Each structure stands twice: as C-alpha cells, then as structure tokens.
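Here's the structure, in structure tokens; my notes come after.
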Amino acid sequence: MSNARTEEPKKTAKIDLHFVTGKGGVGKSTVAAALALSLAKAGKKCLLVELGNQSFYKDYFELDEVGYFPKSLKPGLDIALWSGPECLKEYARHLLKIESLYKLFFENPVTRSLVNIAPALPELAILGKITSGPPRNVGPAMPYDCLVIDAYATGHFLALLRAPLGMSKAVRFGPMSEQSRSIHEIICSAAQSHYYVVSLPEELPVTEALELSKSLESQVGFRPIQILNHVLEGTTDSDPSQTLQPPSLFNEAMRVQTENVRNSQERLKEYKLICLPFVLENQALSVVESLATEFSTELADV
Amino acid sequence: MSNQKLQALLESARVIVCVGSGGVGKTTVASALAYQAAKMGRRVLVLTIDPSRRLRSTMGLGERDLAQVQEPNIKGELWASIIDPKKTFDEFVLRAAQHSKGAEKLLQNPLYIQLSTSLSGSQEFTALERLYSAHESQKYDLIVLDTPPTKHAIDFLEAPQKLSALFSDSVAKWFREPEGQSLLVRVMKSGTRQVLKALELLTGSEFMGELSDFFRNIQGWQKKLEARIADVHGLLVSSTTHFVLVSSLDKAKVMEAQYFAREIKKGGYQLSALIINRIQPYWMAESIERSANQQEIKSSLEQRLIDYYSEREKKVLQVESNIPLIVKVPELRENISDMNGVVEMALRLFEKSSEKPELS
Ligand SMILES: Nc1ncnc2c1ncn2[C@@H]1O[C@H](COP(=O)(O)OP(=O)(O)OP(=O)(O)O)[C@@H](O)[C@H]1O
Ligand SMILES: Nc1ncnc2c1ncn2[C@@H]1O[C@H](COP(=O)(O)OP(=O)(O)OP(=O)(O)O)[C@@H](O)[C@H]1O
Ligand SMILES: [Mg+2]
Ligand SMILES: [Mg+2]
C-alpha cells in the first residue's frame, strides 16, 4: 500500500471515532448530533457523519443541503453524508491516480451497478473513509479531531463492522485484504474508537441494547458506552413504591416510568452509563442543544 | 369511518405489505391486520421478520417456521411464519439451479456467503421471494408481509432492482467469458478490459478470482432470478396489493412518508394507508378528559407533556395530505410484544379507533 501514503504526516496521531448505534427510533441521530455539538463546544474540531444516500439531518435541522463534502453546521462542527458508492469513488480516485482511467471506471454503467451492490464493497468503502485519517492516512486529508457517526441500527451496524474482517478472511492477499485488516485494527482500537449504544428506559429496548452490546464487545474486544435516552424528569430521584395522588393514569404512568428507569439503570450498571433527559421541546435544534449541555457535564464526570 | 375503510381493505386485498423505518411497529401492525382479517373469516398468512421472542412463542412459532395461530375469535385461519433470509436465499438458489454442482459450489463461495447474509438487498429480496411463493401456493386468501427495518421506507422497493442489476447479464458477462474466447469479448471495447484492470488494482487478484467464480456459478440461475424479480414486481403493482406505511409521530418521519407516497405512486404501487403509531401516551386521553371536567388540578409536568404531544401532533398533521387513509394509534398501556398485544392493537385499529366508531 505504499502508493497510498502520500499525505503529509499529521500533527495528531489519530482522529477519535465515535459510533452511535441502537435500535430504530431510540434517538441515535439526536444523540449523535448532541455528542458532536458537545465535543465541538469543548474545542474539538468535529465532523458529524450520517451514512447512506438520503440525509435525515437536512429536514431535521432545516438545512439547505447535506452532502458528501462537509458543510458547517455550527462553529467547530461540520456535517456530511457518506454513501458507499461515493466513498468507494473517492478511494478509487486516490488509488487509480489517472483521471481518465478513473472516469472510464466509474462512468461505465456496468461498474456503476456493480459498485452499488458488489458484496461488502460499499460497507468496506464507508469504513475505509471513516478510518482514512491518521494513523492510516489513506486518501484526502481529514482536518478533524473527531468524527461522530450517526451509524446504522443494530443488525446492520454489526454487519458493517464485520465487513473488514469478513473480507480479509475471504480474500487473503492484495490491496483489498490489506486495507481490510488495517480498517479492522482501527475499529478494534479502544484508544481510537468509541461506541455508544442508545436505548430507552423500557424492558425490551434495554434487553436489545444488552444483546447488541454483547455482540459489539465480541466483535471489537471492548465494551460500548450505554446511553439511556428519554429519561423523564423526576423519575431518577423519586421513590417508585410511593403512590402519587390523585390515582390517575398519568400518575400510574409516572410510577411505572420511575420503576423502568431504576430497572434499566440496574441492568446496565456493568457499563459506563449516561442518562439523557426527555427534552419537552418540539424544535430539533433546541433538543440537541440541551442534550449537548447534558453530555458536557456527563463526559466531564467520566 | 376510517376503521371501516381499513376493514374494507382487509376484505378485498390479496397482499398487504407493511413498510416503515426501524422500530415504528411494522411487525405489530402487520400481525394485527392479519389477525383482524382472520377474525373476519379469511385464510391469512402473516410473514414476519425477526419478531420478538414473546410474539414468536405466543403465535405458536417455537422452533418451527410456520404455525397456525390459535385464538378463540378467529373465524377463518391465521398462519404465521418467520422469514429466515439466509435459508430462503439458499433454497432459492438451489431450486433455481436445480440442485446442480454449480449451485453447491456457489453456496461455499465466500462472496456468496457475504451476499446472502449481509448484503443490502438480499433481505428484501428474500422477503419478496417468500411472499411470492406463498402467493403461488394459493393456500391463502390474504398474505400480510412484514418488512425488514430499512433506514428509509423506499429502500425496500429499490432493493430487488439493485440486486437484479448485479445479476444482469451485462455485468456477469464480463467475468464469465475467458478473454479471447468469444466474439463478444473481442468486440468489447478495449475500455472494458481496462476497467477490469482498475478493479483488480483496487481489490487484488484474489478478490477478482472469487468474483469471477461467483459469476460463473450464478450463470445457470440468473435468468430465473430475473424472471422471479419480474414476477414479484407484477404482484406488487397488482390492484389487489396494498402498501401500508407505519410511522412514528415525528415531523421528519411523516415528511418522509409524503416523499414515499409520491415515489411509490410513480412506481405504480398503491399506498393505501398511513398508520401513525403511538400518537400520544396512553394516559393522555384520560388526563384531558379529567381537566375538561375540571375535576383535578394537573401537575405541571403533566400539563407540559400534554402541551408537548399536542404541539407535536399539530405539527405533524400540517404535513399529512396525499395519503388516502390515515389511522392514528395511541400508545398502549400494556406491554404488547405478544399475541395479546396484537389483539389489542387490532382493537385500536378497528374498534376503538380515534374516529368515533359507527354503531351497527
Ligand atoms: N432526549 C430526547 N428528548 C426529546 N426528544 C428526543 C430525545 N431523543 C430523541 N428525541 C426525538 O425522538 C425522535 C426520534 O429520534 P431520532 O430520529 O434521533 O431517532 P433514531 O434512532 O435516529 O431513529 P431512526 O432509527 O429512525 O434513525 C425525534 O423526533 C427526536 O427529536
Ligand atoms: N402502539 C403501541 N403501544 C405500545 N407499544 C407498542 C406500540 N406499537 C408497537 N409497540 C411495541 O414497540 C416495539 C416495536 O414494535 P415492532 O416490533 O412492531 O416494530 P418494528 O417496526 O417491527 O421494529 P423493527 O424495525 O425492529 O422490526 C414492540 O415491543 C411492540 O410491542
Ligand atoms: Mg436516525
Ligand atoms: Mg419488525
């Protein structure tokens, strides 16, 4: 891979990677944005990355456009949308060097459909791009201290992480295999990669978070951080055995919620755990802002 | 009114496909629709994907992958089945290749193994494959298909086309004909060879070896796969096939639903209903009633939550427009991840729906 190491050596030895995952709808995108914002506020140059070819943050933050090339979202915080084919294109351009060959390659309709779907290629390309900064230094420079990735949900995320190892086993030699191994090394490095599993204070979501965390740990070799999201105010400090007056459905729900928060905390206690409040705001940016503040204090504690 | 429309849908549909992003309630809604149709006397099959353990066992699906659900109110028949993507894909390959040597070799190919388990598109394809074989069997009046979680609802419909592109003749030809052997290769623009060289530079010769092996092996059944995808497409655009989109109460998600509705129409499919699940917490109706009667003073948190959900609903309702039928389902009080939950969900969808039920 000597031809890939064309970049100047970077000052920082690594770019921190923060992967946010969890079951569908638990708040991954919201939590990822909040984490990115809190890191930016702490003075880190941060890139918030969403995966796929359609942007969620565009509608969520009412932005004009979110695309492959980073755009500024807030001071110190950029945002980008990375899809497999686009990551692969960039890598190919970097490796093939010759523009005409590159054009031939990607403008060919057959390659286009192949690249879209060829087994594991898009997955590898995405992880390749995410891990392309130092120390791997493959491809264009990445002027960030950290990346926060609004990653796929449970099964899809595990499949993504499995791709490099799977590929290096299926194909033992050649650049693809080498790249796969070096990507795998980074996603398994506790010093560089951080995983966050988001869940809700309910029985099933916590069960699923625990299952996901087990699989994640067995794949990367260390434990993820747990994020218990949507914790309603008052539910962490009141006594669930005490019946609230009047005996309404609401008060019953609050009691159940308190109990759920307790049980969830208990079940997740073997992990580093961050509880995030349910913010009663319908404006996405306000929710993210107030969760970011929460993150800052929580991360300072950790 | 709305539950009658939904009821009418269940009477006439042959296929219902429940789509939506992860965790919104697709499996629960699909099962509830199937249950309701069975209650009305139809023979129904629900094809579920990755149901919770509790739902699985209360449906009678222990280790088996097809079971008849026993429930006193069912007048017709309710069959439940779980789709196992890997198994379905393997079965399809073996059948398509008529159990030839090539097929068996293919099952061992490392790229095929990746493809059949993790590849984008294969899960969706297998779901549709199961749907089509169940439809062909003519054993059921109605089949309800649950779908795998996708980031966006539209991904589900695009997946088979993507898969079909991979298997299209033009891609496969590249890898199959050893150079110089066929006329085709000779007339092929010299560019193609260069493209292959470029791909080899990117991936290495071993990968290219596996890839061409893979394409050689699928030679026999690729026509069948394409034919199958065409058949499935025909079924999906048929007038008795209806799509039901499940969504959470979320402006961004409902905007996506609008987008999906437009796309789906362009593709010739029918999006017949949008189900907005968990429109408000279960306690909220009672709280509002209580406050209307001025019986109790609400706590400030209670009031803030009511305001929060009401505003959210208002925001979302501003978006809805181009979908013929919108059904709202509140959050349910009990944990509903089993067959009882499915029955409860059906009640909400058809009997206690948010619109006033008509008296019969
Ligand atoms: N702590 C919170 N307080 C208030 N609202 C929240 C919180 N976390 C998430 N939400 C809201 O919940 C909804 C779902 O969150 P989000 O879209 O981030 O989930 P997701 O896990 O990314 O979903 P998907 O799996 O569909 O990508 C959004 O409307 C978001 O604003
Ligand atoms: N209206 C509701 N009230 C209370 N709980 C609900 C409601 N709808 C769904 N649930 C619960 O939410 C969870 C997720 O529902 P379900 O499994 O149907 O979603 P899904 O869209 O199939 O998820 P996935 O994308 O992961 O397959 C289940 O535990 C289910 O019991
Ligand atoms: Mg998201
Ligand atoms: Mg499901």
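This is a predicted model, so every value here is computed, not measured. Residue numbers start from 1 in every chain, and the chains themselves are labelled A, B, ... in the order their sequence lines are given, proteins ahead of strands.
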Do the non-hydrogen side-chain atoms of A:Gln283 and B:Lys315 ever get within less than 4.5 Å of each other?
yes
The test is salt bridge (Lys or Arg N to Asp or Glu O under 4.0 Å); show your working for B:Arg53 and A:Glu211 and say whether it passes.
CA-CA 13 Å; B:Arg53 235 162 285 156; A:Glu211 279 170 10; 2.8 Å; yes
May I ask you to test the B:Arg333-A:Glu252 pair for a side-chain heavy-atom distance under 4.5 Å?
yes
From A:Met176 atom CE to B:Ser205 atom OG, the distance as rounded to the nearest 0.5 Å:
11.5 Å
Could you pull out the closest heavy-atom pair between B:Leu305 and A:Phe278, with the gap in Å?
CD2-CE2, 4.2 Å
Whatever's closer than 4.5 Å to a heavy atom in chain B on A:Leu158 counts as neither
Residue pair A:Asn251 / B:Glu302, side-chain heavy-atom distance below 4.5 Å
no
Side chain to side chain, A:Leu204 and B:Ser337, heavy atoms closer than 4.5 Å:
yes
Short side-chain to backbone donor-acceptor contact, A:Asn282 and B:Tyr308, under 3.5 Å:
yes
Under a 4.0 Å N-O cut-off, is there an ion pair linking A:Glu281 with B:Arg304?
no
Given heavy-atom pairs under 4.5 angstrom as the criterion, report whether the side chain, backbone, both or neither of A:Ala253 touches chain B.
both
Where does B:Tyr282 contact chain A at under 4.5 Å (heavy atoms): side chain, backbone, both or neither?
both
Is there a side-chain contact between B:Asp307 and A:Leu280 (heavy atoms, below 4.5 Å)?
no
Nearest heavy-atom approach of A:Ser248 to B:Arg290 is CB-NH2, 3.3 Å
